[in-house]
**Q** 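Have a look at this one before I ask anything.
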Amino acid sequence: MSTSFGEPVLPGFRPDPSVCRVGADYYLVTSSFEWFPGLPVFHSRDLVNWRRVGSALDRPSQLDLTGCGPSRGLFAPTIRHHDGVFHLVCTLMDGPGHFVVTATDPAGPWSEPCRLEGEGFDPSLFFDDGPGEGDGPGEGDGPGEGDGRAWFTAARVLDEAAGRTEIWMREYLPRERRLTGPEYVLWSGSRPGARWVEAPHLYRVDGGYLLLTAEGGTEADHSVVAARAGHVTGPYEGVPGNPVLPPATGPVTCTGHADLVRTPDGDWRTVLLGVRPGSAIGRETFLAAVTWRDGRPVFSPVGHTSPRHRLHDDFAVLSADWNALGTPRAPFWTTGDGLRLRLRPERLGERSVPSLLVRPQEQPDCDASTELHFTPAAPGEEAGLAVVLDDDAHLLLLRTAEGLVLRRGPEVLARAAPSPGPVRLGVRVRGFAHTFAHAAPDGAWQDLATVEASFLTPLFTSVQVGVYATSHGRPSTNRALFPWFDLAYPPPPEPSVRR
Ligand code: 6LW
């Protein structure tokens, strides 16, 4: 049976969600990979309407993404709350590995990362506090006292080629923010040969312990499996009828990587990732209801509508939703009277930190546009509109010394020669079809070219749109001014009438 998850509650580049509750407030974090700031934090009161409150890693001292390649960097996080403190664990891949940051206010400031030893990825925390006003499913959800200890779990690879992994656990000391005691191996999947058992989360359910993991890998075989134990260290036995969420067969694909949370009324919900095929948007955050049957979670749709927010940004300030590629050591932008980008030698495609600011495209169809005030002062100076998956895959509509150029990496796809002075740049995105256009500030749009952009299909991240400038390796004092950026989402197509 396919479970239709409807619209994402956090659309666009929002993979690997983790959620916790404190009283009536829910807080959610997602992975962010090679993009800065790292680990966006969202707040909601109903699990449907979310507002970005900040980022856990928003200072260069917290996050060094130097040399970070596409879909590397920060993998899946977990957020939990205990004794007035938020604990957020994550893994900086190809770097120091697992770490924890803490905060009393999820909007920040968050602490400097504290390294936690151990291999793998997808770390999680579980506070075994037993009954009480819990902030999440691990607390106050059933008879029987917890012993007050806290536990750190993670996935680690046993055989990369075969996708064999296992879930391991050690005790976590919250005040000291370190691991202690022996290591336990909890689980290696619901069946022999299980692949990519990851995204572990522990919960107290009906006086016992429930381990929820993803299985099958984050593509079409993605699923959710569950195991139960009488003691937190195991042994864990798979529940009858795994996977509890089979690979998706409905319009939303790749569903998995679930995290459970209880509502103030004691009902259960889950956030999980899913994909709406046919665009470069990638993995987004969806919501489902959870009920229990014979000790196993049963997922079902939650009816909701997700508004499509139009964005018109005149850059009074730079909102947290604008992302840089890698860690900027100092701002290469100023705001106030529009957004000014400094032209710097760094450019896309060389694993540096270019003068690029982009934000997630939130719907498969969108219309993005900006106005550019920029005059190239030397060969190689260019600035304009960017549609970017990562350092290697992007489309750029730029004003250069030779006029307007539409480029895919080094390949020139189209040219135009608008009059000097300010110019509007735009792209109409319909799935993978990207139609680029330009216009004089008070003139009519002139289409330049339509590009089939399935090369932007993501691995772990998602397509983003924004602005870019470079001096191509030479020093420059030039700047590019973008007085505004506009991102609109046409209404979804009417569902075809089933005959
Ligand atoms: C994430 C892990 C995964 O940490 O991909 O395929 C990683 N599964 O759960 C990045 O999203």
Side-chain angles (χ1 to χ4, degrees), residues 8 10 12-19 28-35 38-40 56-57 65 68-79 88-100 116 118-125 152-168 186-190 194-202 211-226 243 245 247-248 253-260 270-275 280-286 360 389-390 457-463:
L10 268 171
F13 181 21
R14 305 292 179 224
D16 304 326
S18 171
V19 64
L28 185 149
V29 293
T30 67
S31 47
S32 53
F33 301 96
E34 69 265 32
W35 297 92
L39 305 182
L57 307 181
L65 291 167
C68 199
S71 286
R72 300 301 292 173
L74 292 175
F75 271 34
T78 296
I79 187 170
L88 195 166
V89 288
C90 190
T91 312
L92 181 54
M93 303 299 281
D94 311 336
H98 300 308
F99 63 88
V100 61
L116 297 174
E119 306 161 276
F121 56 96
D122 290 4
S124 184
L125 291 176
F152 174 96
T153 57
R156 65 181 166 209
V157 174
L158 299 174
D159 177 341
E160 177 90 23
R164 265 187 343 104
T165 56
E166 67 184 6
I167 307 301
W168 62 273
L186 301 187
W187 179 244
S188 54
S190 66
R195 298 178 65 248
W196 298 115
V197 180
E198 51 201 9
H201 292 305
L202 279 172
L211 172 64
L212 203 68
T213 74
E215 193 171 288
T218 195
E219 289 86 25
D221 293 338
H222 213 192
S223 65
V224 179
V225 297
L245 181 69
T253 63
C254 308
T255 47
H257 206 108
D259 193 8
L260 306 183
T270 186
V271 293
L272 70 166
L273 73 79
V275 172
I281 286 191
R283 304 175 306 162
E284 308 172 279
T285 291
F286 288 79
L389 175 65
D390 56 38
T457 298
L459 173 60
F460 289 154
T461 60
S462 300
V463 68

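Order of appearance sets the numbers: ligands from 1, and atoms from 1 within every ligand.
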**Q** Could you tell me which non-hydrogen atom of His222 sits nearest to which non-hydrogen atom of Ala214, and how far apart they are?
**A**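 Between these two residues, the closest heavy atoms are NE2-CB, 3.7 Å.
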**Q** Does Ser223 reach the main-chain N or O of Glu215 with its side chain, forming a donor-acceptor pair under 3.5 Å?
**A**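 Indeed, once roles are kept as given, a pair shorter than 3.5 Å links the two residues.
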**Q** So, applying side chain to side chain contact (heavy atoms under 4.5 Å, CB included) with Phe33, which one of Asp390, Leu459, Thr461, Leu65 is it?
**A**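 Looking at Asp390, Leu459, Thr461, Leu65, the match for Phe33 under the side chain to side chain contact (heavy atoms under 4.5 Å, CB included) is Thr461.
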**Q** I need the minimum non-hydrogen distance between Ala162 and Asp159, along with the two atoms involved.
**A**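 Smallest interatomic distance, heavy atoms only, reads N-OD1, 3.0 Å.
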**Q** Pick one: which of Cys254, Pro15, Pro458 meets side chain to side chain contact (heavy atoms under 4.5 Å, CB included) with Arg283?
**A**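 Of the listed options, the one satisfying the test is Pro15.
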**Q** Using the side chain to side chain contact (heavy atoms under 4.5 Å, CB included) rule, pick out the option among Asp122, Leu272, Thr285 that qualifies with His257.
**A**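 The option that passes is Asp122.
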**Q** Write down, by chain and number, every protein residue that brings a non-hydrogen atom to less than 4.0 Å from an atom of ligand 1.
**A**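 Near ligand 1, by chain and number: Asp16, Phe33, Phe75, Ala76, Asp122, Glu198, Thr218, His257, Arg283, Phe460.
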